[in-house]
Amino acid sequence: MAKKEVSTDQLIAHIIKGIEEVKGDDIDILDLRDIENTVCSYFIICNGNSNTQVNAIVSSVQKTVSKELKDKPWHVEGTENGEWVLIDYVNVVVHVFQKHIREYYDIEGLWGDAKTTSIKTNY
């Protein structure tokens, strides 16, 4: 049987669910589809309060996506120091930061042309 194609919308929904499971903060979805020469369609950016929480968010995202969609990231990097971890699902790249690191790199500012959707969390 052929592998079921995972829709980008489903992937994003389960990534958000994984972030929320461990109370990741300030979740933004950047839609990069209308910007030329981008490496992916979406960035999802969030932050945790410590390297422990950053790594918990990364683990939760991977578990949720794996369980619900049977999909694995193509690449993960940054888990050693837990300040900025990148989870690459090809079309969707997740950036999990510690708050001060996120403010320093200001990805939202660098990708200012992207349509941004902020996700409200209830915790």
Side-chain angles (χ1 to χ4, degrees):
M1 228 164 73
K3 184 180 171 219
K4 186 173 72 83
E5 194 58 39
V6 172
S7 87
T8 302
D9 289 347
Q10 285 178 305
L11 178 58
I12 290 170
H14 289 295
I15 289 169
I16 300 297
K17 182 178 166 193
I19 294 168
E20 291 176 336
E21 292 273 314
V22 287
K23 298 187 173 14
D25 270 335
D26 298 327
I27 305 167
D28 286 333
I29 302 170
L30 275 59
D31 184 340
L32 308 172
R33 292 173 300 176
D34 292 336
I35 301 173
E36 283 186 36
N37 302 320
T38 56
V39 294
C40 64
S41 299
Y42 294 93
F43 279 165
I44 297 178
I45 304 170
C46 70
N47 50 262
N49 297 316
S50 64
N51 55 353
T52 305
Q53 189 184 16
V54 164
N55 285 324
I57 293 167
V58 170
S59 176
S60 178
V61 166
Q62 289 180 277
K63 272 191 207 124
T64 303
V65 170
S66 175
K67 184 177 155 218
E68 302 292 335
L69 302 176
K70 311 285 183 264
D71 199 8
K72 286 185 165 50
W74 177 72
H75 185 70
V76 178
E77 111 186 21
T79 51
E80 308 76 36
N81 63 17
E83 291 183 344
W84 176 3
V85 181
L86 184 140
I87 316 169
D88 187 345
Y89 284 100
V90 185
N91 268 348
V92 180
V93 175
V94 185
H95 299 269
V96 185
F97 287 99
Q98 283 188 44
K99 191 172 177 61
H100 67 284
I101 303 291
R102 179 176 181 173
E103 288 166 359
Y104 179 80
Y105 285 103
D106 186 25
I107 286 187
E108 293 93 331
L110 291 173
W111 294 91
D113 293 345
K115 196 166 61 199
T116 303
T117 305
S118 296
I119 306 296
K120 292 280 169 252
T121 50
N122 300 322
Y123 37 80

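Nothing fancy with the numbering, it's 1 onward along the sequence.
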Rounded to the nearest 0.5 angstrom, the OG1-CG distance for T79 and N51 is 11.0 Å
Verify same cluster id: V94, V85 (apolar side-chain graph, 4.5 Å): yes
- Query: When hydrophobic residues are tied together by side-chain contacts of less than 4.5 Å, even through go-betweens, does I27 share a cluster with I107?
  - Reply: no
### Query
Does atom CG of D34 have more than 12 heavy-atom neighbours from other groups under 6.0 Å away?
no
Here the pair of heavy atoms bringing K120 nearest to E20 is O-OE2, 4.3 Å
Between the CZ atom in F43 and the CG atom in L86, the distance rounded to the nearest 0.5 Å is 7.5 Å
In terms of heavy-atom contacts, I29 and I12 come closest through CD1-CG2, 3.9 Å
Minimal heavy-atom distance between R33 and Y42, with the atoms involved, is CZ-OH, 2.8 Å
| Hey, are the side chains of L30 and E108 touching, using non-hydrogen atoms and a 4.5 Å cut-off? | yes
For G82 and Q98, the nearest pair of non-hydrogen atoms, with its separation, is O-NE2, 3.1 Å
Query raised in the report: Under 4.5 Å between side-chain heavy atoms, hopping through other hydrophobics if needed: is there a path connecting I16 to V90?
Result: no
Tested for side chain to side chain contact (heavy atoms under 4.5 Å, CB included) against I87, the lone hit among V92, I44, I57, V58 is V58
- Query: Is E103 salt-bridged to K99, going by a charged N under 4.0 Å from an acidic O?
  - Reply: yes
Same cluster (ILVMFWY, side-chain, under 4.5 Å), V39 and L110:
no
Value for CG (N91) from CG (L32), rounded to nearest 0.5 Å, stands at 10.5 Å
Nearest heavy-atom contact between V93 and C40 is CG2-SG, 3.7 Å
- Query: Same cluster or not: are V65 and V96 linked, directly or through other Ile, Leu, Val, Met, Phe, Trp or Tyr residues, by side-chain heavy atoms under 4.5 angstrom apart?
  - Reply: yes
Carboxylate-amine/guanidinium proximity below 4.0 Å for K17 and E68:
yes
Here the gap from Q62 atom CD to D71 atom CG, rounded to the nearest 0.5 Å, amounts to 11.0 Å
Tightest non-hydrogen contact, residues I15 and Y89, listed as CD1-CD1, 4.0 Å
With a 4.0 Å cut-off, would you call R102 and D28 a salt bridge?
yes
Between the CG atom in N55 and the CG atom in N81, the distance rounded to the nearest 0.5 Å is 8.5 Å
So CG of L69 and OG of S7: to nearest 0.5 Å the spacing works out to 8.0 Å
Would you call the rings of H95 and W84 parallel, tilted or perpendicular, taking 30° and 60° as the class edges? tilted
